[in-house]
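Everything below concerns the one structure shown next.
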Amino acid sequence: MARSRPLTLILAGALAAGGLLALTPGAQAADAELARNGGFEAGLDGWTCTAGSGAVVTSPVHGGAKALRATPAGSDNARCSQTVTVKPSSTYALSGWVRGSYVYLGATGTGTTDVSTWTGSAPDWQKLSTSFTTGPSTTSVTIYTHGWYGTPAYQADDLSLYGPGGDPVQLPAAPTGLAAGSPTSTTVPLTWSAVSGATSYNVYRGATKIQTVTGTSATATGLTASTAYTFQVSAVNAAGESPKSAAVTATTTSGGGGGGDQGLPAHALVGYLHASFANGSGYTRMADVPDSWDVINLAFGEPTSVTSGDIRFKLCPVAECPNVESEAEFKAAIKAKQAAGKKVLISIGGQNGQVQLSSTAARDAFVTSVSKIIDEYGLDGLDIDFEGHSLSLQNGDTDFRNPTSPVVVNLIQAVKTLKAKYGAKFVLTMAPETFFVQLGYQFYGSGPWGGQDPRAGAYLPVIHALRDDLTLLHVQDYNSGPIMGLDNQYHSMGGADFHIAMTDMLLTGFPVAGNADRFFPALRADQVAIGLPASTQAGNGHTSPAEVDKALDCLTKKVNCGSYQTHGTWPALRGLMTWSINWDRFNQWEFSKNFDAYNWS
């Protein structure tokens with residue numbers, strides 16, 4: 001998404017074009033080339049590029065046989081950087097050759113004024129140069145080059161930092177203070193104290209390195225419930241890796257606090273029943289829902305106003321649905337479904353039911369009114385189908401692990417209250433759109449500079465906070481634009497590839513907005529179902545039964561995968577969700593019959 005370039009950079013570019021920038025000071029006798037592998041002849045050795053954006057190419061090059069090619073994507077500007085040891089109170093010349101649109105060269109951590117220069121257009125190799133003086137206590141600086149959001153790949157070559165060399169980098173000390181936070185059934189959060197001189201940290205589970213981070217926290221993911229794990233951390237800089245820290249042991253939870261199966265079969269079929277309205281699919285009575293459906297979501301409970309939190313549910317009026325059953329018949333049919341092992345939930349929201357719990361009063365009204373519906377109809381739990389503008393993130397709310405936006409915080413608190421009220425058998429499901437979940441791999445809220453859609457990724461803090469209470473997440477893999485997968489390629493709805501890529505993201509986890517320090521942990525396979533439309537009339541992105549089977553084959557058996565390579569195999573994938581039971585009936589039950597016939601073994 002486009003952003004305005006900072007005025008200071010535009011002015012700098014204008015000054016450079018006019019030849020008004022100060023000339024680089026002459027090199028002193030003791031000066032030396034300090035940039036390591038500035039010509040990229042040794043690949044990316046010495047350089048770190050964000051989100052895997054950088055690669056070494058043999059054409060085009062400025063000098064030697066190789067050059068850097070880096071590709072911006074989403075909220076990542078393809079920044080490649082290197083930390084260099086310098087002397088305090090010394091002057092340095094930074095230069096490099098670049099090619100492309102909006103390419104930047106700069107230095108941070110100078111201890112005085114950080115510098116940068118850029119070109120708006122370099123169809124052929126163009127030299128960028130700047131200089132800086134280090135502060136009285138500065139012993140290292142970071143030099144970098146990057147592109148701009150939404151622009152094509154750029155090239156850089158022969159990057160140089162010239163000036164007095166600093167004292168040799170010392171190996172960092174082993175980190176101290178390693179501690180484990182509150183585990184979930186699949187994750188353990190870790191924190192430790194900063195180490196002087198460290199530029200990054202390696203995180204180990206047992207003898208296996210599982211992450212490298214730049215901050216002093218990390219979350220170990222993909223763990224097994226009720227299992228003890230041992231972790232250690234080491235510090236890293238240009239001199240190498242420190243000894244490992246003292247070990248800490250943490251045991252994951254059982255995952256039974258509402259996030260278990262609540263009596264569901266190993267592979268379940270979830271469907272929405274148009275209970276409060278009619279459309280072209282026609283009204284289907286509860287008693288006429290086939291046994292194929294394991295979870296039946298009543299669509300929809302809707303608010304009296306967008307911000308009231310007061311949710312109401314009524315059966316479709318006779319004038320709209322001539323064949324609607326009576327309230328007594330409806331309640332009796334629900335009990336019969338439950339006696340047969342089925343779960344019946346109230347789904348809140350939908351396309352027309354905007355719900356914004358922007359106040360504590362709305363939060364409390366939500367709890368009271370949803371409880372009343374559950375009690376009146378004897379339901380098993382709640383499905384959250386907040387769409388449109390129900391969830392969004394305020395400016396500055398950038399960490400999904402610690403949300404601050406009232407509509408998000410109040411929803412989390414409301415659901416936790418309902419879970420506490422109804423106990424371990426309470427079934428909780430969610431049906432967000434891809435915009436609110438997988439898009440978070442590229443964009444999160446309004447972004448660090450503002451200007452993005454504040455709804456991007458807005459379900460992530462809700463899912464994360466409730467992951468141990470969550471029975472099923474079935475993202476709507478329909479009515480969606482192209483979404484970038486973990487292969488950094490865009491995937492479009494309608495075929496097996498889209499469902500494979502979108503589901504792989506949920507079962508693997510991903511850095512939110514490309515930030516490796518803010519990693520959204522994987523969900524358990526038994527918590528995930530794939531959401532699809534039941535027919536071509538039900539929504540954009542209908543997927544044929546053959547393509548549905550291919551997606552299931554790939555995710556559960558690692559066969560029929562096509563070009564996308566998953567990060568695991570998940571035979572415990574819970575199943576499928578569809579909009580809707582009514583549309584499946586309209587389509588001669590094609591969707592549910594295909595599910596029933598699928599061979600999961």
Side-chain angles (χ1 to χ4, degrees), residues 181-189 225-226 251-264 270 295-298 300-301 303 307-313 334 338 343-349 355-386 390-391 400-432 458-474 521 523-524 526-528 574:
S182 299
T184 70
S185 58
T186 59
T187 68
V188 173
S226 303
T251 301
T252 52
T253 64
S254 65
D261 61 18
Q262 281 84 36
L264 293 178
V270 182
V295 180
I296 303 167
N297 292 329
L298 304 180
F300 287 105
T307 58
S308 70
D310 185 11
I311 307 299
R312 305 295 175 90
F313 171 77
I334 290 173
Q338 292 168 329
K343 307 297 180 182
V344 185
L345 317 180
I346 179 64
S347 180
I348 308 297
V355 183
Q356 295 176 3
L357 304 184
S358 52
S359 66
T360 55
R363 174 199 66 193
D364 296 343
F366 182 88
V367 171
T368 299
S369 57
V370 171
S371 296
K372 184 177 179 181
I373 295 170
I374 291 173
D375 293 342
E376 180 177 352
Y377 291 94
L379 303 178
D380 296 287
L382 169 67
D383 173 69
I384 302 172
D385 186 15
F386 284 19
S390 294
L391 290 180
F400 74 93
R401 301 164 300 184
N402 299 289
T404 58
S405 302
V407 293
V408 171
V409 173
N410 289 332
L411 175 60
I412 293 168
Q413 292 174 348
V415 175
K416 282 188 174 292
T417 300
L418 289 166
K419 171 63 174 60
K421 176 178 180 179
Y422 291 103
K425 293 184 179 181
F426 185 74
V427 178
L428 173 64
T429 66
M430 300 183 194
Y459 249 93
L460 293 176
V462 179
I463 298 167
H464 185 65
L466 298 170
R467 63 173 56 238
D468 277 355
D469 300 314
L470 180 64
T471 310
L472 280 177
L473 176 71
H474 30 63
L523 293 167
R524 301 192 317 269
D526 63 275
Q527 288 180 296
V528 175
R574 181 62 76 178

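We use all heavy atoms of the structure for the numbers below, so side chains are in, but hydrogens, waters and symmetry mates are not.
- The shortest side-chain heavy-atom distance between Leu472 and Arg574 falls under the 4.5 Å cut-off.
- A 4.5 Å side-chain heavy-atom check between Asp469 and Val415 finds every atom pair outside the cut-off.
- You'll find the side chain of Gln356 stays beyond 4.5 Å of the side chain of Pro303, heavy atoms only.
- The closest donor-acceptor contact from the side chain of Thr252 to the backbone of Ser226 lies under 3.5 Å.
- Shown here for Pro461 and Ile412, the closest heavy-atom pair between the two residues is O-CD1, 3.7 Å.
- Scanning for side chain to side chain contact (heavy atoms under 4.5 Å, CB included) contacts around Thr404 gives Asp397, with sequence neighbours left out.
- For Gln527 (side chain) and Leu470 (main-chain N/O), a donor-acceptor pair under 3.5 Å exists by modelled atom type.
- For the pair Ile348/Ile346, a side-chain contact is recorded, criterion being any heavy-atom separation below 4.5 Å from C-beta on.
- The side-chain heavy atoms of Tyr422 and Val427, taken from C-beta on, include no pair separated by under 4.5 Å.
- Note: Lys416 NZ to Leu466 CG = 5.5 Å, rounded to the nearest 0.5 Å.
- Distance alone, capped at 3.5 Å, places no donor-acceptor pair between the Ser405 side chain and the Val408 backbone.
- Between atom CZ of residue Phe300 and atom CG of residue Leu298 there is a gap of 10.5 Å, rounded to the nearest 0.5 Å.
- Listed by chain and residue number, nothing satisfies the ring-ring contact (aromatic ring centres under 6.0 Å, His included) test with Phe386 (two or more places apart in sequence, or in another chain).
- Annotation for Ala365 and Ser308: closest pair CB-O, 3.5 Å, computed over non-hydrogen atoms.
- Applying the side-chain hydrogen bond (donor to acceptor under 3.5 Å, both in side chains) rule to Ser371 yields the partners Lys421; only residues at least two apart in sequence or on another chain are considered.
- Counting all heavy atoms, side chain and backbone alike, Ala414 lies closest to Leu357 at CB-CD1, 4.4 Å.
- Summarising the geometry of Ser390 relative to Val355, their closest heavy-atom pair is OG-N, 2.9 Å, with the distance given to 0.1 Å.
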Could you please spell out the steps behind the side chain to side chain contact (heavy atoms under 4.5 Å, CB included) verdict for Phe313 and Leu379?
CA-CA 12 Å; Phe313 171 77; Leu379 303 178; over 6 Å; no
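- In this structure, the separation between OG on Ser347 and CG on Leu382 is 8.0 Å, given to the nearest 0.5 Å.
- Closest of all the heavy-atom pairs between Val407 and Leu391 is O-CD2, 3.8 Å.
- Interatomic distance, CG of Leu345 versus CD1 of Ile384, reported as 11.0 Å (0.5 Å rounding).
- Atom CE of Met430 and atom NE2 of His474 lie 10.0 Å apart (nearest 0.5 Å).
- Lys372 pairs by the salt bridge (Lys or Arg N to Asp or Glu O under 4.0 Å) definition with nothing, not counting sequence neighbours.
- Contacts of Asn297 classified as side-chain hydrogen bond (donor to acceptor under 3.5 Å, both in side chains), with partners at least two apart in sequence or in another chain: none.
- Panel note: side chain Thr471, backbone Thr429; no donor-acceptor pair is recorded below 3.5 Å.
- Between Thr251 and Pro183, the closest heavy-atom pair is O-CG, 3.4 Å.
- Between Lys343 and Gln338, every side-chain heavy-atom pair lies at or beyond the 4.5 Å cut-off.
- Every residue meeting the side chain to side chain contact (heavy atoms under 4.5 Å, CB included) condition with Gln413, not counting sequence neighbours, appears here in chain and number order: Arg363, Val409, Asn410.
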Could you walk me through whether Leu418 and Phe366 pass the side chain to side chain contact (heavy atoms under 4.5 Å, CB included) check?
CA-CA 10 Å; Leu418 289 166; Phe366 182 88; 4.2 Å; yes
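- Counting heavy atoms from C-beta on, the side chains of Leu428 and Lys419 never come closer than 4.5 Å.
- Using a 4.0 Å cut-off between a side-chain N of Lys or Arg and a carboxylate O of Asp or Glu, Arg312 and Asp310 qualify as a salt bridge.
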